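Only heavy atoms go into these numbers, but all of them, side chains included; no hydrogens, no water, no symmetry mates. Sequence lines set the chain letters: A, B, ... in the order given, protein chains first and strands last, and positions in each chain run from 1. These numbers come from a predicted model, not from an experiment.
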Amino acid sequence: MSSSDGGRWLMKSEPDVFSIDHLRKKKRERWDGVRNYQARNFMRSMAVGDQVLFYHSNAEPSGVAGLARITAPAIPDHTALDPSSEYFDPKATPADPRWSMVEVGFVEAFPRVLALATLRQVPDLADLWLFQRSRLSIQPVERHHFDLIVSLGRQGA
DNA sequence: GCCAACGTTGGC
DNA sequence: GCCAACGTTGGC
């Protein structure tokens with residue numbers, strides 16, 4: 001896979017809930033349950049084919065576990081309208097569902113998770129959003145950052 | 001399990 | 001519209 005002209009993103013998931021191996025088995029998954037406006041707005045700006053760093057959060061170790069890509073653009077997140085869903089939002093309505101989700105497809109898993117602690121030691125990654133915006137679950141990634149992380153991840157760094 | 005960071009809510 | 005209280009995220 002070479003660099004495309006599309007967008008590049010980092011998306012976090014807790015591997016106990018949904019890991020890169022879950023995505024590998026399912027091939028595609030709807031990224032529902034995002035309840036943060038900034039993250040939602042980034043999803044709305046995604047295009048099919050955009051590349052994604054799949055990040056394991058709250059993990060041992062936390063870090064980038066592999067690559068995914070966007071396989072369907074943002075549509076309303078129906079879980080916000082479902083009272084039985086843990087993601088139910090009483091303020092969401094069919095006319096204004098408030099929240100969005102994209103579909104993500106598996107691309108590859110790194111030989112091992114590229115740990116956050118390792119990323120922090122790479123000088124060229126010093127201004128990665130991940131370090132400053134640690135609570136933002138979906139964020140854009142600069143091309144040079146993305147390519148470097150992919151290179152390190154494939155090496156099993 | 002602790003706690004810092006920070007987004008959201010709600011009283012005023 | 002400010003801001004204190006509260007809840008959540010996520011590293012360690």
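Remark: aromatic rings of A/Phe54 and A/Trp9 are distant, center separation not under 6.0 Å.
Listed pair A/Arg133 / C/dG10 fails the phosphate criterion, with no side-chain N or O lying under 4.0 Å from OP1 or OP2. Remark: A/Lys12 is in phosphate contact with C/dG10, judged by side-chain N or O atoms under 4.0 Å from OP1 or OP2. Note on A/Ser134: every side-chain N or O is 4.0 Å or more away from OP1 and OP2 of B/dA5.
Taking atom OH on A/Tyr87 and atom C1' on C/dT9, their separation rounds to 13 Å, with Å as the unit. The interatomic distance linking A/Glu60 (CD) with C/dC12 (P) rounds to 10 Å, in whole Å. The separation between A/Phe131 atom CZ and B/dA5 atom P is 17 Å, rounded to whole Å. Rounding to whole angstrom units, NE2 of residue A/His56 and P of C/dG11 are separated by 12 Å. In this entry the distance linking CE of A/Met11 with C1' of C/dG10 reads 17 Å, nearest Å. Atom CD in A/Gln139 sits roughly 12 Å away from atom P in B/dG7 (whole-Å rounding). Taking atom CG on A/Leu119 and atom P on C/dG11, their separation rounds to 11 Å, with Å as the unit. Protein atom OH of A/Tyr55 is 11 Å distant from nucleotide atom C1' of C/dT9, rounded to whole Å.
Scanning residues 35-43 of chain A for heavy-atom distances under 4.0 Å to DNA chain B yields A/Asn36, A/Tyr37.
With A/Glu29 as the fixed residue, the side chain to side chain donor-acceptor pair (under 3.5 Å) test singles out one of A/Lys25, A/Lys26, A/Lys27: A/Lys26. Each of A/Asp124, A/Leu128, A/Leu119, A/Leu130 was checked for a side-chain contact (heavy atoms from CB on, under 4.5 Å) with A/His145, and the lone residue meeting it is A/Leu128.
For A/Asp89 and A/Arg35, the salt-bridge test fails: no basic side-chain N is under 4.0 Å from an acidic carboxylate O.
Around CZ of A/Arg44, the count of heavy atoms belonging to other residues, nucleotides or ligands within 6.0 Å exceeds 12.
Judged by distance alone, with hydrogens and angles left aside, the side-chain atoms of A/Asp50 form a donor-acceptor pair with the main-chain N or O of A/Ala47 at under 3.5 Å.
A/Val52 and A/Leu125 sit in two unconnected hydrophobic clusters of ILVMFWY residues. Membership requires side-chain heavy atoms under 4.5 Å apart, directly or through other members.
The 5' end of DNA chain B is approached more closely, in terms of each residue's nearest nucleotide, by A/Asn58 than by the other of A/Lys91 and A/Asn58.
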